[in-house]
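Below, read A as the first sequence line, B as the second, and so on, with proteins coming before strands; counting in each chain starts at 1.
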Protein chains: 2
Amino acid sequence: MDKWTAEGDAFGKIILEVFRLNGRLIDAGDGIAAPVGQTSARWQVLGVVSGGPASVAQVARAMGLARQSVQRTADLLAADGLVRYADNPHHRRAKLVMMTPKGQQTLDYIGRRQVRWANRIGGGHDLEQLRTAAAVLRQLRESLEQDEQDSGPSASSDV
Amino acid sequence: MDKWTAEGDAFGKIILEVFRLNGRLIDAGDGIAAPVGQTSARWQVLGVVSGGPASVAQVARAMGLARQSVQRTADLLAADGLVRYADNPHHRRAKLVMMTPKGQQTLDYIGRRQVRWANRIGGGHDLEQLRTAAAVLRQLRESLEQDEQDSGPSASSDV
DNA sequence: GTCTTTATGGCAGTATCCTGTCGTATGGAC
DNA sequence: GTCCATACGACAGGATACTGCCATAAAGAC
């Protein structure tokens, strides 16, 4: 029959909103990071690295992106002196991306603006519903990652 | 103080998941549309146009994207014969993007795969929670769009 | 009618992310 | 030790999105 189930339909509505919301969040992040010459993409890399030195590949996995995307951003951040590459005692080629004092100051500035912004936006919504939404999104992502593995190399879900 | 409120913190968690989920949804959409040579971006344009002829600018607004992004995709779809540009009786320059039979067939095929996929993924989750999440995402997007307008041309939310 | 504002598309350039391919480093099997 | 699978970075190229700027069409003010 190929008809929509209630759950499938609700999921479809979430998909549309995720696409739209993703765009607006990037816009907002760009605005928050702009006064110190940063963007959403650079900010996100800084945020991961602020949790401790990590290789480019590790940062990429944490963000759910491809290595090359993060590599390019990290190189730009290094060129601006916000991060630096340090030798990795466990891997000769995979250098560690580390925050510099300048990078930490930049992230601190952005973080202060982010708190005020997130509190302002989040404040207009119901706490329990926000938490439910966060949990649902995480579960959906896990379902997608699992589904991708299942129908991976030898997919058989054709029409 | 600049401390996180509970709502702001929950919103922050949603942001991270929206970024990750957005990537996984594009991946999944590419997989669904790939057998007929399409991508998530082209599929989304086809979906809007299937609701009736529309100008490029109208499609862009419906998708929450910039005009140029949609223009490029629409040109590619037209080159492949999935849509065509028709004269707009109400506007000489703004031609209408219309589905072709080929485009409709392609969208139908993708739609059948989408239904099965969305039902499969959505089926593993609670209906009420899915609906709550969809509603929260929509409300958050509206808050962001409103906030953007408020602090628009003459923003004054600096540090 | 004329003027101004707004909307639209065209063109050019940029940012972000992806894939594919390669050479090299690491770590475990043997 | 040697071999092989895996992981990582480098390089090249492409897809998707954005912005800025311009010319023209449409719509409303007058």
Between A:F11 and A:W4 (judged by ring centroids, cut-off 6.0 Å), do the two rings come close enough to count as a pair? no
Atom NE2 of B:H91 to atom P of D:dA27: distance rounded to whole Å? 7 Å
Donor-acceptor side-chain pairing of A:T39 and A:D30 below 3.5 angstrom: no
Atom CG of A:N88 and atom P of D:dA7 are separated, to the nearest Å, by 16 Å
What is the distance from CZ of B:R92 to C1' of C:dT6, rounded to the nearest Å? 18 Å
So, taking the atom named CZ in A:R24 and the one named CD1 in A:I121, what distance separates them when rounded to the nearest 0.5 Å? 13.0 Å
Worked check of side-chain contact (heavy atoms from CB on, under 4.5 Å) between A:W43 and A:T106: CA-CA 9 Å; A:W43 169 17; A:T106 301; over 6 Å; no
Give the B/S/- string for nucleotides 9-16 of chain C, one per nucleotide from 5' to 3', where a protein heavy atom under 4.0 Å of the base yields B, of only the sugar-phosphate yields S, and otherwise -. BBBB--SB
Take B:H125 and A:V136 through the side-chain contact (heavy atoms from CB on, under 4.5 Å) test and state the conclusion after the steps. CA-CA 8 Å; B:H125 301 267; A:V136 168; 5.6 Å; no
Atom CG of A:L96 to atom P of D:dA7: distance rounded to whole Å? 18 Å
For atom NE2 of A:H90 and atom P of D:dG9, their distance in whole Å: 15 Å
For the pair made of CZ in A:F19 and C1' in C:dC17, what is the distance, rounded to whole Å? 15 Å
side-chain contact (heavy atoms from CB on, under 4.5 Å) between B:Q38 and B:L82: does it pass, once the steps are laid out? CA-CA 10 Å; B:Q38 301 304 310; B:L82 301 180; 3.2 Å; yes
Closest-nucleotide ordering on DNA chain C, the 5'-leading residue of B:R61 and A:M63: B:R61
Starting at OH of A:Y85 and ending at C1' of D:dG9, how long is that distance when rounded to a whole Å? 10 Å
